[in-house]
Amino acid sequence: MDYAYTYGDTRNLYLNATNRCTNRCSFCVRYRTKGLGGAVLWGEDEPDLEQLKAAVHLRGPFEEIREFIWCGYGEPTFRLDLIREAAPWLRRAGARIRLNTNGHACLIHGRDVLVDLAPAVDEVSVSLNAPNCRRYLELCRPEPRFFAAAGGDASIPELAWESMIDFLTRAPFYIAKVQASVVGFTLTSEEVESCRLLARSLGIKHFRVR
Ligand code: SF4
């Protein structure tokens, strides 16, 4: 699979580090196409730092990149090791580093990892996706086997919602810019508004309808 790809603005470079995910969202683009921007994003292999560097350099001049975004066909925080290891090298380009995440990092790793993420990203966008747990489970269809791997209870899919809300609520204490996002076409306008109010009640200043 391709580890780096552009989508739209070529000064923004997306980093695709894994296909593992704790969700199977009904709206996920990965179930409809094998890649984006001409890149193939499906594959079982995952890059180490040297492979990531090679993929980034293949995409053009390093110094011209304005933003690196951890976002591919899986949940990037499965590769917390790579996100941390790559940060000093990515920062050499003078670009910002953003993480697009479903907010399950602590559930995946079975511990609080916000303190580990904090030095490695400048901005995080968390997929809120629903106004309540019931709708979240309908839309995002969590994968309980990954909770078991984290020492969680596989019989409680609600952990996915609770873990995401906990991550979103605490992220502003660690990361400078935190955004909550929803996918517009999956929700009614009332639900979008409920999500906006929920994010605000959690202290999140930035909200985006994708
Ligand atoms: S969390 Fe993201 S990568 Fe995972 S299934 Fe949902 S949209 Fe796709």
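In each ligand, atom 1 is the first atom listed, and ligand 1 is the first ligand listed. Keep in mind that this is a model prediction, so the values were computed, not measured.
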Within the structure, does at least one protein heavy atom fall under 4.0 Å of atom 2 (Fe) of ligand 1? no
Checking side-chain contact (heavy atoms from CB on, under 4.5 Å) between [X] and each of [options], which is the one that passes?
X	options	answer
Val121	Thr101, Ile69, Ile83	Ile83
Thr169	Val178, Leu202, Val126	Leu202
Phe68	Val56, Leu99, Asn12	Val56

Ile165 vs Tyr136 side-chain heavy atoms within contact, under 4.5 Å: no
For atom 4 (Fe) of ligand 1, report each protein N, O or S atom nearer than 2.8 Å, sorted by chain and then by residue number. Cys21 SG
Would His104 and Met164 satisfy side chain to side chain contact (heavy atoms under 4.5 Å, CB included), going step by step from the backbone distance to the final call? CA-CA 6 Å; His104 291 168; Met164 179 274 294; 4.0 Å; yes
Gap between atom CG of Asn129 and atom CG of Asn23 - 0.5 Å precision: 8.0 Å
